[in-house]
Amino acid sequence: MKLSRLSIRHVGVIVLLVIHLLPVWLFKYTATQDGPVHVHNAYVLKTHHQHENYILREVYKPNPTLFPNWASHIILAALMYIFPPIVCEKILVSLCIVFLPISLFYFLSGIQKEKTFWGLIGFIYAFNYLLHMGFYNFALSIPFFFFTLGYWWRRQDSIAPVNIAVLYVLLIATYLCHFQSYSLLVISLTFFAIFSFSYSALEKIYGHKKGSSGNEKSWFNNLKTFVIALKPAVLFIGLMLPAYFIMMTDYLEKIVGYGRTYKSLAELKSYFFDMRSLVAFRDDHILVGRILLGVLAITFLITIWVKVRTVYWHVRLPESSRSDKSWWALVVDQDIQFVLLTIVLTVMYFKMPYYIHSGGAWINDRIHIYIFLVLLPFFDLANQGYLRQVLAGIIIVLSLWNLGYHSHTYYHLSRDIDNMVSSTDKIGRHAILDSRPHEWRGSSDSFEQSKYVNPFLHLECYLGLKKGIAYL
């Protein structure tokens, strides 16, 4: 019976994955702002060496240096040996959409099986604002962030060489996708490691009721026990030194000698509470985001109530019937670290600049993506099976509602994009296209003006495919 229920859940997730990929594959073009640029860059990367593409070699010079934002170009260029460029873009977008909920399921199941259902929120977040901006590398980095956290969480008690090697492979993969996700990942891993190992050390000393051997030790022995218990944290930080070096090197390179632009507090608050990291083309998505935020807020309050009730009944029980844990271990459990990290990310969201003039931009938007996803493991509904089912149903309805809006938008924008790039056949081979920023900035003939993403901004790049055309 248990296996049957598990299979039904798996089938349900697979069905949701397929449904959420339909708008990507049913329409000819994927409506994103910078997506065409990535496709054209990958096309140049793949065809630059070909003898007949002399124009490409005159205009472009390859940069083989490994740095963030490589991932999408490598994936697209490799796929172009098998599929047409437009299909390659669809495959890449599909990977961004599919792997986000899967990575959340993996992360949450490694913490506690009962929390896994929260991964359904990944279906809503998969169609985020930054994906539709065409920031494919950042969209790829989000699943790597949670896959890496999930892997570490499963193996944090065993710092074996093979585990560290796999961890670094995941870290490097995240770095090659996007620097900001890499930095947030390194910060999160360090935070979780220090908290978890410190908590375990304190639990060995004070985690039991008075009368156990831990509380009868002298303060010196307690300190000695704490220091010994912290050895894994010190070892982990030592093993992470190369990761810290990469993070700080890139960070200092970006901030030294450059100005910064900040958003106002009013703008940041509006973006935060309207869940605008989920809003791409139309304000209809704001309602979906607000309902989701309401669900998360109510669940947070329920979790607090459950924890308070647990402590209350623990105190009410006779001394002989109480659990072996002390009162502080019941009040401050391991799950509190997810709240603390959420607070850290929230402070970063409000304090970090929106734009660093050396190339880092949309910084607040990227942090906002992670704030509520990192909080999910804190929610405690372990004994509320019926409530979990209700919440799962609400999340699925919200994701399908959100998907409906996107499908309607994709239908109209794909048709308009097809009309706008229909002049491709009129351009000769090995030509050079020259246009100024925003020169193609148009609007849809059949759809309201997009407020946040302009899918027509870089359509010149689609014109440059297949004919060895260079785009300035």
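Since we're looking at a predicted model, the values are computed, not measured.
Side chains of S188 and Y370: no donor on one and acceptor on the other come within 3.5 Å. Side chain to side chain, T303 and D380 fail the donor-acceptor criterion of an N or O pair below 3.5 Å. Defined by atom type and a distance below 3.5 Å, a donor-acceptor pair is missing between the side-chain atoms of N402 and Y125. In this structure, a donor-acceptor pair under 3.5 Å is absent between the side chains of Y262 and N364.
Within 6.0 Å of the OH atom in Y151, the count of heavy atoms belonging to other residues, nucleotides or ligands exceeds 12. Residue F123 places its CZ atom among more than 12 non-hydrogen atoms of other residues, nucleotides or ligands, all under 6.0 Å distant.
In this structure, the side chains of L108 and P377 come closer than 4.5 Å at one or more pairs of heavy atoms. Considering only heavy atoms from C-beta on, Y136 comes within 4.5 Å of T32 through its side chain. For the pair L278/V288, no side-chain contact is recorded, criterion being any heavy-atom separation below 4.5 Å from C-beta on. Here the side chains of L45 and Y60 are not in contact, with every heavy-atom distance at 4.5 Å or above. Residues V186 and I246 fail the side-chain proximity criterion, which asks for heavy atoms closer than 4.5 Å. Contact of the R276 side chain with the D283 side chain is registered, since non-hydrogen atoms from C-beta on lie closer than 4.5 Å. L184 has its side chain within reach of M348: a pair of non-hydrogen atoms, C-beta onward, lies under 4.5 Å apart. Within the 4.5 Å cutoff, no side-chain heavy atoms of Q389 are placed close to those of F117.
The aromatic rings of H20 and F127 are tilted relative to each other, their planes meeting at an angle between 30° and 60°. Below 30°, between 30° and 60°, or above 60°: for F146 and F107 the angle between ring planes is between 30° and 60°, a tilted geometry. The aromatic rings of Y271 and H368 lie perpendicular to each other, with more than 60° between the two planes, well past the 30° mark. The aromatic rings of F272 and Y349 sit tilted relative to each other, their planes meeting at an angle between 30° and 60°. Using cut-offs of 30° and 60° on the angle between ring planes, the pair F138 and H178 is perpendicular. The aromatic rings of F147 and Y106 lie tilted to each other, with the angle between the two planes from 30° to 60°. Between F179 and Y175, the ring planes are perpendicular. Angles over 60° get that label, and only those under 30° would be called parallel. Note: H408 and H412 have perpendicular aromatic rings, judged against thresholds of 30 and 60 degrees for the angle between ring planes.
Annotation: side chain to side chain donor-acceptor pair (under 3.5 Å) contacts involving residues 92-103, sequence neighbours excluded, comprise W25-S94.
Of all the heavy atoms in L465 and C461, the pair that sits closest is CG-O, 3.6 Å. Closest heavy-atom contact between P353 and I363: O-CB, 3.2 Å. Here the closest non-hydrogen pair linking L100 and P143 is N-CG, 3.7 Å. Across every non-hydrogen atom of L17 and P101, the tightest pair is CD2-CG, 4.0 Å. Across all non-hydrogen atoms, the minimal contact from T249 to F245 is OG1-O, 2.7 Å. The nearest pair of heavy atoms linking K28 to S414 is N-OG, 3.2 Å.
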Determine, step by step, whether N137 and S72 satisfy the side-chain hydrogen bond (donor to acceptor under 3.5 Å, both in side chains) criterion, reporting the C-alpha distance in whole Å, the side-chain angles of both residues, the deciding distance to 0.1 Å, and the verdict.
CA-CA 6 Å; N137 290 294; S72 70; 3.1 Å; yes
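Separation of the H458 and H40 ring centroids does not fall under the 6.0 Å cut-off. For F379 and F338, the ring centers sit 6.0 Å or farther from each other.
By the salt bridge (charged side-chain N to carboxylate O under 4.0 Å, His left out) test, K269 pairs with no residue at all, sequence neighbours left out. The salt bridge (charged side-chain N to carboxylate O under 4.0 Å, His left out) search around R290 returns D274, not counting sequence neighbours. Residues forming a side chain to side chain donor-acceptor pair (under 3.5 Å) with H73 (at least two apart in sequence, or on another chain): H38. K90 pairs by the salt bridge (charged side-chain N to carboxylate O under 4.0 Å, His left out) definition with nothing, not counting sequence neighbours. Scored by the side chain to side chain donor-acceptor pair (under 3.5 Å) test, S109 finds R154 as partners (sequence neighbours excluded).
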